[in-house]
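Heads up: the structure comes next, in structure tokens.
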Amino acid sequence: MPELPEVQTILDALTPLILHQTIHDIHIHWPGVVDRPPTEVFRAELRGRSVVKSKRRGKYMLFGLDDGQTLIMHLRMTGKMRVVPAQSPLQRHDRLSFAFENGQTWHFNDQRKFGRAYLVADAAEIVSKLGPEPLGADFTPANFHARIARRRAPIKSLLLDQRLVAGIGNIYADEALYRARIHPLRTGAELSLADAATLVDAIRQVLQQALAEMGTTLRDYRRPDGSAGSFQNSLSVFRRTGQPCLSCGAPISRIVVGGRSTHFCPREQPYP
DNA sequence: AAGAGACCCTGGATGC
DNA sequence: TGCATCCAGGGTCTCT
């Protein structure tokens, strides 16, 4: 569930708590959390290491280690991070814990077991398939339009395709399409260059605002200190089915697109 | 190649 | 109250 603004907010809060702290033990509470390498290799390689830099790529968190390897984590739907004293009790759904020499422990908690950890020599192994960062310089109307121009899938589905643009999930896809006044079922091929430019701008604006508000808390998302974001108070369409459009008053519609619930204003976002 | 659907899980909400 | 069903913010895989 965490999308770009939530992942960035979590990483910003987490980084100062773990940077340059030496890991002296690794506890894998549920082995499926480690995607690669095999769990015993994962433990052996990480013991004695420290994180020397961190960054976000799409919805992935990348932790550069002092030996040059990269620890990559993805929160998927319900993943959370917290850093607490070592004597603090484990919580239900804790999947992976890193104990530091400074007496603090970094826990990864994930109710639905979708989240994953990867330890790789080259981060590209995991993130090279991702499209451009939506807030980066190469996410331009011309580039985006060129990549969707021959696609017949609904634009809503294309926004969720991380190979086209990285970091957008269901909430911000719906919110961006509303701001751009584009119906979610319009296909990529139907969108003009001007439409693409409007959408690129809407994506940037909604993500920037959500970053400023520290993300959207619906049920599970929490920052590492347990506090919530506030963008849920700024949602225009997401999970507002039947409620009046903030612009025209028409009731917000909910449909399913590509298996995902999709919310839009039928008057502000007409199907042409 | 691109698109649709199943699947991985747990638990909260809803319906009977 | 108890039980069944549906639903969830993501990503990957298979099939067509």
Side-chain angles (χ1 to χ4, degrees), chain A residues 1-10 29-36 56-61 72-81 91-96 108-118 125-131 134 146-178 184-190 203 206-207 210-211 213-223 228-242 254-263:
Chain A
M1 350 151 228
E3 308 180 31
L4 185 154
E6 291 76 28
V7 175
Q8 186 69 58
T9 300
I10 290 167
H29 312 294
W30 176 68
V33 70
V34 176
D35 182 277
R36 69 191 74 174
R56 179 194 55 73
R57 180 75 176 89
K59 302 173 197 170
Y60 290 86
M61 290 189 265
I72 300 179
M73 304 193 67
H74 197 299
L75 303 170
R76 294 285 185 95
M77 305 278 274
T78 52
K80 297 185 211 24
M81 303 286 196
Q91 293 185 4
R92 192 173 184 192
H93 309 312
D94 280 342
R95 307 300 180 197
L96 178 62
F108 175 61
N109 182 286
D110 181 29
Q111 177 202 116
R112 287 175 72 180
K113 296 182 174 176
F114 287 171
R116 291 292 183 268
Y118 314 79
E125 183 179 332
I126 305 299
V127 300
S128 64
K129 296 182 296 275
L130 296 175
R147 296 192 65 180
I148 66 173
R150 282 168 296 282
R151 300 291 298 268
R152 300 195 175 185
I155 185 62
K156 166 65 186 280
S157 298
L158 296 176
L159 289 180
L160 296 179
D161 184 343
Q162 304 298 299
R163 295 168 300 186
L164 288 177
V165 54
I168 300 172
N170 213 25
I171 297 175
Y172 299 113
D174 283 3
E175 293 296 313
L177 287 170
Y178 172 77
L185 286 177
R186 290 179 68 190
T187 67
E190 284 170 3
I203 289 166
V206 73
L207 293 177
L211 276 168
E213 299 189 25
M214 310 278 217
T216 302
T217 298
L218 292 178
R219 179 184 300 167
D220 297 302
Y221 161 70
R222 283 291 185 283
R223 290 151 63 196
S230 63
F231 192 77
Q232 64 275 11
N233 302 316
S234 302
L235 295 174
S236 297
V237 291
F238 192 79
R239 291 211 188 163
R240 292 194 65 244
T241 310
R254 177 187 180 276
I255 59 176
V256 175
V257 180
R260 305 275 164 179
S261 74
T262 298
H263 313 75

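So that the names make sense, note that chain A is the first sequence line, chain B the second, and so on, each numbered from 1. These figures come from a predicted structure and were not determined experimentally.
- With sequence neighbours left out, the side-chain contact (heavy atoms from CB on, under 4.5 Å) criterion links Q162(A) to K59(A), L130(A), A166(A).
- Scored by the salt bridge (Lys or Arg N to Asp or Glu O under 4.0 Å) test, D110(A) finds no partners at all (sequence neighbours excluded).
- With rounding to the nearest 0.5 Å, the separation of CZ in F231(A) from CD in E6(A) is 9.5 Å.
- For dG10(C), neither phosphate oxygen OP1 nor OP2 lies less than 4.0 angstrom from any side-chain nitrogen or oxygen of H74(A).
- Put simply, CD on E6(A) is 13 Å from P on dG9(C), counting in whole angstrom units.
- With sequence neighbours excluded, the residues forming a side-chain contact (heavy atoms from CB on, under 4.5 Å) with D161(A) are R151(A), R163(A), L164(A), listed by chain and number.
- Listed by chain and number, the residues in a side-chain contact (heavy atoms from CB on, under 4.5 Å) with R112(A) are M77(A), T78(A), F114(A) (sequence neighbours excluded).
- Within residues 163-170 of chain A, no residue has a heavy atom under 4.0 Å from DNA chain B.
- Straight-line distance between the P atoms of dC7(C) and dG5(B): roughly 15 Å, to the nearest whole Å.
- Of the two residues contacting DNA chain B, namely R150(A) and H93(A), the nearest-nucleotide position lying further toward the 5' end is that of R150(A).
- Every residue two or more places apart in sequence or in another chain was checked for a salt bridge (Lys or Arg N to Asp or Glu O under 4.0 Å) with R152(A), and none qualifies.
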- Message: Reading 5' to 3' and counting Watson-Crick or G-U wobble pairs with both distances under 3.5 Å, write the dot-bracket notation for DNA chain C, | for bases paired outside the strand.
- Response: .|||||||.|||||||

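- Nucleotide dG11(C) holds its P atom 12 Å from the CE atom of M61(A), rounded to whole Å.
- Partners of Y178(A) according to the ring-ring contact (aromatic ring centres under 6.0 Å, His included) rule, which considers only residues two or more places apart in sequence or in another chain, do not exist here.
- Rounded to whole Å, the distance from CZ on R57(A) to P on dG11(C) is 12 Å.
- Across all strands shown, Y60(A) has heavy atoms under 4.0 Å from sugar-phosphate atoms exclusively, and none from any base.
- Heavy atoms only, all atoms of each residue included: M73(A) and A117(A) are closest at CE-CB, 4.1 Å.
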Quick test: give all pairs of protein nitrogen or oxygen and nucleotides 4-9 of chain B nitrogen or oxygen below 3.5 Å, distance rounded to 0.1 Å.
residue, atom, partner, partner atom, Å
dC9(B), O2, R112(A), NE, 3.0

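- When every heavy atom of L160(A) is checked against every heavy atom of R260(A), the shortest pair comes out as CD1-CG, 3.8 Å.
- Using a 4.0 Å heavy-atom criterion, one finds that R147(A) contacts no nucleic acid atom at all.
- Applying the salt bridge (Lys or Arg N to Asp or Glu O under 4.0 Å) rule to R186(A) yields the partners D195(A); only residues at least two apart in sequence or on another chain are considered.
- For the C1' atoms, the distance linking dT12(C) with dG11(B) amounts to 23 Å, nearest Å.
- V34(A) meets the side-chain contact (heavy atoms from CB on, under 4.5 Å) test with I28(A), T39(A), F42(A); sequence neighbours excluded.
- With sequence neighbours excluded, the residues that form a side chain to side chain donor-acceptor pair (under 3.5 Å) with R57(A) are E133(A).
- One interatomic measurement links the two molecules: CD1 of I10(A) to C1' of dG10(C), which rounds to 14 Å at whole-angstrom precision.
- Rounded to an integer number of Å, the gap from K156(A) NZ to dG10(C) P is 9 Å.
- One finds no side-chain N or O of T78(A) lying less than 4.0 angstrom from the OP1 or OP2 phosphate oxygen of dT10(B).
- When the P atom is used for both dA6(B) and dC6(C), the distance is 13 Å, rounded to whole Å.
- For the pair I126(A) CD1 and dG10(C) C1', the interatomic distance rounds to 15 Å; values are reported in whole Å.
- Nearest to the side chain of R239(A), among dG11(B), dA8(C), dG10(C), sits dA8(C).
- If you take CZ of F238(A) and C1' of dC7(C), they are 12 Å apart, rounded to a whole angstrom.
- Here dG11(C) presents its C1' atom at 15 Å from CD1 of I72(A), a figure rounded to the nearest Å.
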